[in-house]
Amino acid sequence: MTTEHQTLALILCSLFIAVTLGITTWVSRNRHGSAEEFYAGGRLFSPLENGFAIAGDYMSAASFLGISGLIALFGYDGLLYSVGFLVAWLVVLFLVAELVRNCGRFTLADVVAARMSERPVRIAAGVSSVTVSVLYLVAQMVGAGSLIGLLLGNSSTGARTLTVIGVGALMVIYVSFGGMRATTWIQIVKAVLLMGGAIALTVLVLLRFHGDFNHLLTSAAERSGHGKAFLSPGLKYGGDWTARFDFISLGLALVLGTAGLPHILSRFYTVPTARAARRSVVWAIALIGGFYLMTIVLGFGAAALLGPEQVRASNASGNTAVPLLAAYLGGGADSTGGAVLFAIVAAIAFATILAVVAGITLASSASVAHDLYASLKRRHARQRSEVTVARAAAVGIGAVAIALGLLAQDLNVAFLVGLAFAVAASANLPVLLYSLFWRDFTTRGAVWSVYGGLVPAMLLVVLSPVVSGSPDALFPHVNFQYFPLQNPGLVSIPLGFLAGWLGTVTSAEVPDEARHAETEVRSLTGAGAV
């Protein structure tokens with residue numbers, strides 16, 4: 001890219017930053033500082049608005065950059081992410097959305113603590129939520145660094161570092177000053193931009209192949225160097241039994257993890273009723289489904305028009321496939337059309353990152369303040385002081401995410417999100433489902449369920465090829481790899497459910513049938529919901 005072309009892309013990115021900061025400033029002047037306003041936006045959003053915001057929250061850098069890159073590099077096996085991310089919403093729609101909205105107030109811990117001893121449950125759920133959020137944030141930071149590295153010619157590690165720090169600073173500003181209302185409007189704007197950009201690129205790719213999707217696939221297979229194997233399972237996950245188990249593990253994490261993501265669960269509290277929450281999910285599924293179908297076209301389009309080698313040469317993990325494809329479709333990197341289209345797509349990707357990190361940071365800071373801080377200081381905590389703690393927590397979480405994002409700059413962002421989904425499915429989903437549907441569930445069962453999924457998931461990640469023992473690991477020059485799978489979900493998810501059951505059956509606590517009955521009626525009817 002020439003200097004003029006790079007400048008255009010950076011101007012568009014800066015324009016989006018200016019718009020979002022304007023939204024944050026406007027919202028900060030029109031709020032009254034209550035916890036309900038900060039965490040849930042006053043519960044004033046319509047199902048359509050919230051559906052767009054959920055889609056904006058969910059369609060992250062992993063979706064736009066990572067998945068298309070994986071499809072461009074590995075063909076059929078890259079589709080696992082698209083399918084898994086979409087199918088997961090059926091679990092959310094049928095098992096979670098309405099019940100969580102009726103039972104909770106601001107966070108996951110509200111649902112679980114409704115019939116348990118609050119303090120230990122809130123601390124466990126808070127720790128788990130913050131862990132999942134930080135892992136998810138790291139993926140967005142890596143995506144931002146890859147994108148700006150490409151904009152600047154991929155020549156400056158310092159520029160990527162400054163980008164990660166800048167994104168971290170912006171997300172702290174969005175959350176601290178605008179809360180949920182500003183975050184929601186940023187996500188709505190981002191969802192509209194992202195859908196528009198994806199539609200435009202998809203149409204351009206299909207026009208190159210005269211609308212013949214079969215021709216697109218065969219061209220991608222020929223250009224890939226793998227022939228028909230590019231369109232068949234096994235290129236990434238079929239080499240041996242370890243790779244096949246990794247495939248199963250990833251699928252479980254993606255399908256089950258969405259229902260345990262703190263920033264997704266918190267979106268159900270921004271609408272006035274459970275019915276509105278369910279309608280929000282329906283809108284979100286329509287938008288997300290269309291988007292993931294388009295990532296398939298974009299991924300195979302990058303493979304067919306650019307070739308995996310060109311994609312890999314720009315970024316080893318494939319994170320820059322879509323911006324490179326945009327430049328090609330516009331007439332090439334040295335053409336005005338290519339530069340303009342590249343700049344637009346880069347700005348949309350950057351907008352995607354900013355919107356998602358704002359939502360995740362808000363959810364994690366809410367867990368720190370509403371669950372951890374309020375559990376320790378509940379008798380003295382007031383709403384206003386709790387919001388103050390949440391703002392301070394956003395700063396600390398931002399700092400941690402920046403540090404880890406700098407460490408993991410060379411990993412694929414879709415893969416990093418897969419790890420976050422695995423932890424969410426292992427620690428948050430079991431305790432959520434047990435709390436909603438198991439009459440005899442106890443406080444010990446809840447605490448064991450969270451830690452019984454969280455600790456093994458994190459430990460297995462540390463002992464996996466992701467961290468050491470392989471050329472692509474975080475620490476390639478050391479080897480403490482004892483767990484062969486890259487994704488821990490196959491082992492850690494069952495352990496989370498097992499620990500919850502074991503903690504309950506060994507507990508001396510007598511389940512409170514009255515509180516369970518009250519929770520059940522509230523979850524199914526909305527009677528008494530906040």
Side-chain angles (χ1 to χ4, degrees), residues 40-60 62-64 67 81-106 108 111 180-181 183-196 198-199 202 254-296 352 355-356 359-360 362-363 417 421 424-425 428-429 432-433 436-437 522-527 529-530:
R43 309 189 200 281
L44 298 175
F45 292 99
S46 68
L48 176 60
E49 292 169 341
N50 198 43
F52 267 88
I54 291 172
D57 223 346
Y58 193 69
M59 297 184 301
S60 65
S63 305
F64 195 48
I67 293 176
Y81 286 90
S82 291
V83 174
F85 283 146
L86 179 56
V87 171
W89 279 96
L90 298 178
V91 178
V92 177
L93 178 63
F94 292 117
L95 291 180
V96 173
E98 287 190 50
L99 305 184
V100 166
R101 174 61 188 84
N102 283 336
C103 286
R105 190 174 175 220
F106 301 129
L108 165 69
V111 180
M180 178 59 83
R181 190 167 297 189
T183 300
T184 298
W185 282 112
I186 291 169
Q187 288 161 344
I188 291 171
V189 172
K190 166 256 173 147
V192 173
L193 290 174
L194 184 59
M195 290 298 293
I199 290 170
T202 300
L254 296 181
V255 171
L256 299 178
T258 300
L261 292 176
H263 66 290
I264 296 298
L265 295 175
S266 66
R267 292 237 56 91
F268 300 139
Y269 301 124
T270 63
V271 290
T273 64
R275 183 171 181 267
R278 187 179 184 88
R279 290 174 61 196
S280 297
V281 175
V282 172
W283 276 109
I285 289 175
L287 293 167
I288 292 167
F291 174 78
Y292 282 123
L293 288 175
M294 290 187 283
T295 62
I296 297 173
T352 295
V356 173
I360 301 169
L362 179 61
V417 168
F421 273 61
N428 291 349
L429 184 64
L432 181 61
L433 295 182
L436 291 172
F437 300 110
R522 179 174 168 179
S523 67
L524 295 175
T525 67
V530 177

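All figures in this text were calculated on a predicted structure; none of them were measured in a lab. What you see below is based on every heavy atom in this structure, not just the backbone, and it leaves out hydrogens, waters and symmetry mates.
For the atom pair CE (Met59) and CZ (Phe52), the distance works out to 8.5 Å, reported to the nearest 0.5 Å. In this structure, Glu49 CD and Ile54 CD1 are separated by 12.0 Å, a value rounded to the nearest 0.5 Å. Leu256 CG to Asn428 CG: the interatomic distance, rounded to the nearest 0.5 Å, is 12.5 Å. Taking CG from Leu432 and SG from Cys103, the interatomic distance works out to 9.0 Å, rounded to the nearest 0.5 Å. The line from CG of Leu362 to OG1 of Thr183 is 5.0 Å long, rounded to the nearest 0.5 Å. For the atom pair Ile360 CD1 and Asp57 CG, the distance stands at 7.0 Å (nearest 0.5 Å).
Side-chain atoms of Phe94 and Val281, non-hydrogen and from C-beta on, never get closer than 4.5 Å to each other. Looking at heavy atoms from C-beta onward, Phe268 lies in side-chain contact with Val92 at the 4.5 angstrom threshold. Proximity of Tyr58 to Thr258: side-chain heavy atoms (C-beta onward) are separated by under 4.5 Å at one or more points. Side-chain contact between Ser82 and Ile296: present, with at least one pair of heavy atoms (C-beta onward) separated by less than 4.5 Å. The shortest side-chain heavy-atom distance between Leu99 and Phe437 falls under the 4.5 Å cut-off.
With Arg101 contributing its side chain and Pro272 its backbone, the two residues share a donor-acceptor pair below 3.5 Å. The main-chain N or O of Arg267 is found under 3.5 Å from a side-chain atom of Asn50 such that the two form a donor-acceptor pair. For the pair Arg43 (side chain) and Tyr269 (backbone), a donor-acceptor distance under 3.5 Å is present.
Between Ser46 and Val271, the shortest heavy-atom distance links the atoms O-CG1, 4.2 Å. Taking all atoms of both residues into account, the shortest heavy-atom contact from Arg279 to Pro47 is CB-CB, 3.7 Å. In terms of heavy atoms, Val91 sits closest to Ala259 at CG1-CB, 4.1 Å. Closest approach of Leu44 and Arg181 over heavy atoms only: CD1-NH2, 3.3 Å.
The side-chain contact (heavy atoms from CB on, under 4.5 Å) search around Leu86 returns Ile288, Tyr292, not counting sequence neighbours.
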